Structure formats: structure tokens, C-alpha cells
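So that the names make sense, note that chain A is the first sequence line, chain B the second, and so on, each numbered from 1. Treat the numbers as computed from the prediction; the structure is a model and nothing was measured.
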2 protein chains.
Amino acid sequence: MVAKQNTQQKILDAAQSLFAETGFNDTSLRQITSLAEVNLAAVNYHFGSKKELIQAVLQRYLRVLMVRLDQEFNRLLAAQQPNNLTQVLAVFVKPLLELNSVHNNGTRIFLQLLGRGYTDVQGHLRWFINNHYGRVLDKFVLLVQQSCPQLPASELFWRLHFSLGTVVFTMASNEALAEIAEADFNEEVDIEGVIQRLLPYLAAGIAAPVYTRSHPQQQLRSGT
Amino acid sequence: MVAKQNTQQKILDAAQSLFAETGFNDTSLRQITSLAEVNLAAVNYHFGSKKELIQAVLQRYLRVLMVRLDQEFNRLLAAQQPNNLTQVLAVFVKPLLELNSVHNNGTRIFLQLLGRGYTDVQGHLRWFINNHYGRVLDKFVLLVQQSCPQLPASELFWRLHFSLGTVVFTMASNEALAEIAEADFNEEVDIEGVIQRLLPYLAAGIAAPVYTRSHPQQQLRSGT
DNA sequence: GTACATTTCAAACACTTGTTTAAATTGTGC
DNA sequence: GCACAATTTAAACAAGTGTTTGAAATGTAC
């Protein structure tokens with residue numbers, strides 16, 4: 001009983017690191033079981049398949065994160081007047097940082113895994129997240145919509161995905177970026193610092209003036 | 001002689017589509033040669049290895065794009081007073097769209113490939129681009145710096161990488177996003193449309209007010 | 001201690017990967 | 001037409017993939 005828990009845990013721990021670093025498809029079960037110091041067959045015995053292992057790795061974080069996010073969303077939704085965008089975005093900070101209690105560097109690892117789930121060809125993952133937590137995330141979209149009532153729904157859709165890309169990419173290359181920043185600017189960089197830098201960027205991007213052909217105060221037009 | 005050119009071209013055409021769609025590592029040489037209707041060994045004969053094929057596929061676009069970007073950068077750098085940020089970013093639009101003359105859907109394919117190059121584990125690609133075109137891109141950084149003189153260098157560093165993430169992630173998952181957008185909002189989505197949506201987002205994000213603990217939480221509202 | 005279920009393990013499975021080989025074919029210059 | 005290089009071809013290569021197997025080992029209950 002203890003041994004089983006231990007093996008599963010060891011596999012999850014090894015898998016998440018390798019997945020985050022190298023991606024899902026480019027990480028082999030042999031790499032995982034070798035790092036975890038368990039037998040190759042243990043993955044299929046305990047999790048069924050590689051696909052289910054991937055989901056289990058993410059599930060460990062999603063379970064914790066989504067409950068917390070749902071609480072925060074409900075709190076904001078209960079407000080009488082719309083919250084401003086910065087407040088809405090800032091709501092992610094605490095729940096994300098709390099993932100560090102799930103595992104060492106949990107925040108960074110989870111965000112990297114999330115990125116892999118979107119950039120690797122992992123259709124089952126997108127389906128998995130959407131089917132399990134779509135309702136929670138809908139609340140977030142609603143909150144953003146309320147804070148930017150003049151933003152068309154389609155524009156909002158794109159900008160939220162732009163933002164997802166910003167976060168995911170930044171976290172994926174976090175180590176490299178932090179190294180450069182520390183070397184070039186003598187700055188201590190931790191995950192929390194990066195998140196604090198991200199928020200104003202995201203808020204400004206999401207709330208940016210919408211481009212229209214009628215009054216292109218910006219020179220965005222190209223020769224068509 | 002004609003046959004050789006033909007085979008190389010057929011391989012490049014087949015490879016770029018599959019690479020953009022499925023990623024570099026998840027596309028096999030057998031898929032490529034089968035789609036190109038050439039023998040499996042042709043890739044190694046004409047390009048040496050898969051790695052070199054990947055570089056050749058990107059090179060076809062980079063050669064054209066970088067020359068054009070360099071022209072535009074030099075033009076802006078010659079201006080007496082600093083260009084505003086939107087002008088600097090908009091400079092990418094025309095050269096990118098001109099990639100459609102390299103190949104059908106060239107713009108979309110190139111940007112997808114670029115995304116794959118950063119999200120797939122392709123260290124050699126990052127090295128390749130940096131070593132060949134780093135000097136051109138330095139001009140771009142200088143231009144942005146001139147257009148946002150109030151922005152600390154370290155803040156600019158982070159925000160440019162945030163922006164890189166936005167672009168790269170968006171392009172890597174371009175198909176999926178376009179599908180959803182068309183289904184949910186009945187919008188025809190082409191690559192030019194995505195670029196036009198990206199620019200205001202990026203410009204606003206890069207030029208966002210810097211977060212300070214003294215006056216936190218600016219009210220950011222969008223306008224049309 | 002015996003009986004039974006759970007877990008581990010080495011080995012093999014069938015399949016895919018990028019690359020190489022050597023023979024066959026095609027193209028080119030004379 | 002001949003000689004020689006360039007190209008194409010089928011076949012094989014060694015290595016890696018996820019998964020399955022059946023026997024060992026371990027744990028648990030009586």
C-alpha cells in the first residue's frame with residue numbers, strides 16, 4: 001500500500017519535470033521510469049497508458065488550482081459593480097503561487113506543462129481540461145467581459161488567447177530569461193517577480209483600443 | 001538537373017506543410033517523402049539530414065524576410081526623431097505578407113514554423129536564427145527603445161519576450177484558434193486578420209505603465 | 001504458516017524512427 | 001554510342017517507441 005503510493009508519486013514527480021522540460025511527445029517512458037527509479041512497466045500498471053499519465057500529472061495541479069480560482073471568481077462575481085480588469089487578472093496570482101505547496105516549483109512546472117499541452121499536439125488534453133473545468137473558466141471570461149464592456153466578444157477571445165500565449169511562453173523559457181535578466185540587469189528574478197511584470201502587460205494588451213479601418217489612428221494598414 | 005530541382009522543391013513543399021501542422025519532431029521523413037511522392041532516401045541525399053531539412057525549410061523564408069526587414073529598420077533608423085511604437089511594430093506587416101509570394105500561404109506557414117521552432121525542442125534552430133540574423137533583430141530592439149524612452153531597459157527586455165511569446169504561441173496554435181473563432185463568431189480568419197489583431201495588443205502591452213508599489217492598479221479601460 | 005491479492009521485474013512484443021547501402025536508372029558531355 | 005556523374009530506388013540497418021506478458025517478489029488477512 002505504501003509502496004504503491006510511493007511508486008505512483010515517484011512516477012508523477014519524474015514525469016512532470018521531464019514533460020515540462022522536453023514536452024510530452026519527446027519524453028519517453030524509459031526516461032521517466034529511469035529518473036523515477038522504477039520499472040518500465042510500472043507506468044502502464046499504475047496509470048494504464050502514457051496518455052493517462054499525462055492527464056494525471058496535470059490533474060494534480062488542476063484539482064487544487066481550479067477550486068481556488070472558482071472561489072475567487074465567485075467572490076468577484078458577487079460584487080455589485082464590475083471589477084476593473086487589473087483586479088480580475090490579479091486574482092490568478094495567489095492561486096497560482098499556492099501551487100508551490102503541491103510541489104517544489106509547482107507554479108513554474110504547472111505553467112510550463114500548460115504550455116506544452118497547447119503547443120504539443122495533445123488534443124486529448126485540451127478536451128480534458130475543457131470538459132472538466134470549462135465552467136470555471138467561463139466565469140473568468142465573464143468577469144473580463146464585464147470589466148471591458150466595450151470590447152467585442154471576438155476581440156476578447158483573441159486577446160485572451162494572446163495572453164495565454166504570453167504567460168505560457170514566458171514560463172516555458174523562464175529559466176533562460178531569468179538568467180539573462182540577472183546577468184544583464186543585476187536583478188534577482190523569481191516567479192512572483194515575473195508575474196508582477198506580466199500583469200500590467202496583459203492588462204494593457206487586453207484593454208487596448210480596438211483597431212478599426214474607419215479611424216486607424218495607428219499606422220497599421222498594409223498595402224493590400 | 002531539372003529532376004533534382006524538382007525533387008528538392010517537392011520535399012520542401014511537403015515538409016513545410018507537415019512541419020507547420022504537426023511540429024518538427026512529430027513529422028516523420030516517411031510522411032514527408034510520401035506526401036512529396038519521392039523516395040525516402042531523397043531527403044538524406046539532397047539535404048543531408050532531417051535537421052538540415054528543417055533549416056532549409058525555414059531558410060527559404062528567412063532569406064527573403066530578413067532582407068526586407070533590414071531595409072525597413074534602416075529606413076526608420078534614418079528618421080530624425082524617434083518613431084512611435086505602433087509605427088515600429090507595423091513595419092513587420094508588409095515584409096511578412098510578402099512571404100505569400102514565396103509560397104501559397106507563405107506568411108501563415110512561416111509564422112507557424114517560427115512558433116514550432118521555439119516551442120518544439122529545436123536548440124539548433126534558435127542558434128541558427130540568432131547567428132545568421134541577430135544583427136538585424138538588434139536594430140529592431142534599438143527602434144523600440146527609441147520609441148519608449150521612458151521604459152527601463154530591463155522592463156523592455158521582459159516585455160519584448162512577452163511579445164515574442166504572444167506571437168509564437170498564437171502562430172503555433174493558429175489553426176485551432178481560427179477554427180474556434182470561425183465556429184463561435186462566424187468570422188473568416190486569415191493570417192492578415194490575426195496580425196492586425198495582434199498589433200494593438202502588442203503595442204499596448206509593451207508601452208504599458210510600469211508597475212510600482214507606490215501607485216498600483218491603474219484603471220485600464222479600452223476604447224474604440 | 002498458508003492462501004490470496006497486489007506489486008515489481010526482466011524480457012519480449014510489434015512498430016516506428018532517421019540513416020545507410022549498393023544496385024539500378026537516368027542525365028550529361030564528348 | 002560510350003563513359004562518367006547524378007539521381008532514384010528498394011532493402012536493410014540499428015536504435016528507440018509504448019505496451020504486454022508471465023513469472024517472481026512482496027504485502028495482507030486469517
Worksheet item: Excluding sequence neighbours, so at least two apart, what forms ring pair (Phe, Tyr, Trp, His ring centres under 6.0 Å) with B/H132?
Response: B/F128
Does [N] have OP1 or OP2 under 4.0 Å away from a side-chain N or O of [X]?
X     : N      : answer
A/H46 : C/dT6  : no
A/T7  : C/dT7  : no
B/S28 : C/dT17 : yes
B/N39 : D/dA10 : yes

Worksheet entry | Nearest heavy-atom neighbours spanning A/A20 and A/L113 | N-CD2, 3.6 Å
Practice prompt. Measure the shortest side-chain to side-chain distance between B/I206 and A/Y201 over non-hydrogen atoms and say whether it is less than 4.5 angstrom.
Written response: yes
Output the rounded distance in Å from [atom1] ([X]) to [atom2] ([N]).
X     : N      : atom1 : atom2 : result
B/L29 : C/dC15 : CG    : P     : 21 Å
B/R30 : C/dT19 : CZ    : P     : 11 Å
A/I11 : C/dT8  : CD1   : P     : 8 Å
A/Y45 : D/dA23 : OH    : P     : 17 Å
A/N25 : C/dT16 : CG    : P     : 16 Å
A/K50 : D/dT17 : NZ    : C1'   : 8 Å
A/I32 : D/dT19 : CD1   : P     : 11 Å
A/F47 : C/dT8  : CZ    : P     : 11 Å

Discussion item. For the aromatic rings, using the six-membered ring if either is Trp, is the centroid distance between A/F73 and A/F140 under 6.0 Å?
Written reply: yes
Practice prompt. Looking at every strand, decide which applies to A/T27 at a 4.0 Å heavy-atom threshold: base, sugar-phosphate, or nothing.
Written response: sugar-phosphate
Item to complete: Using a 4.0 Å heavy-atom cut-off across all strands, classify A/A42 as base, sugar-phosphate, or nothing.
Response: nothing
Practice prompt. Go through the structure and list residues passing side-chain hydrogen bond (donor to acceptor under 3.5 Å, both in side chains) with B/E72, not counting sequence neighbours.
Written response: B/R68, B/R75
Worksheet entry | 5' priority, DNA chain D, between B/L40 and B/E37 [closest heavy atom] | B/E37
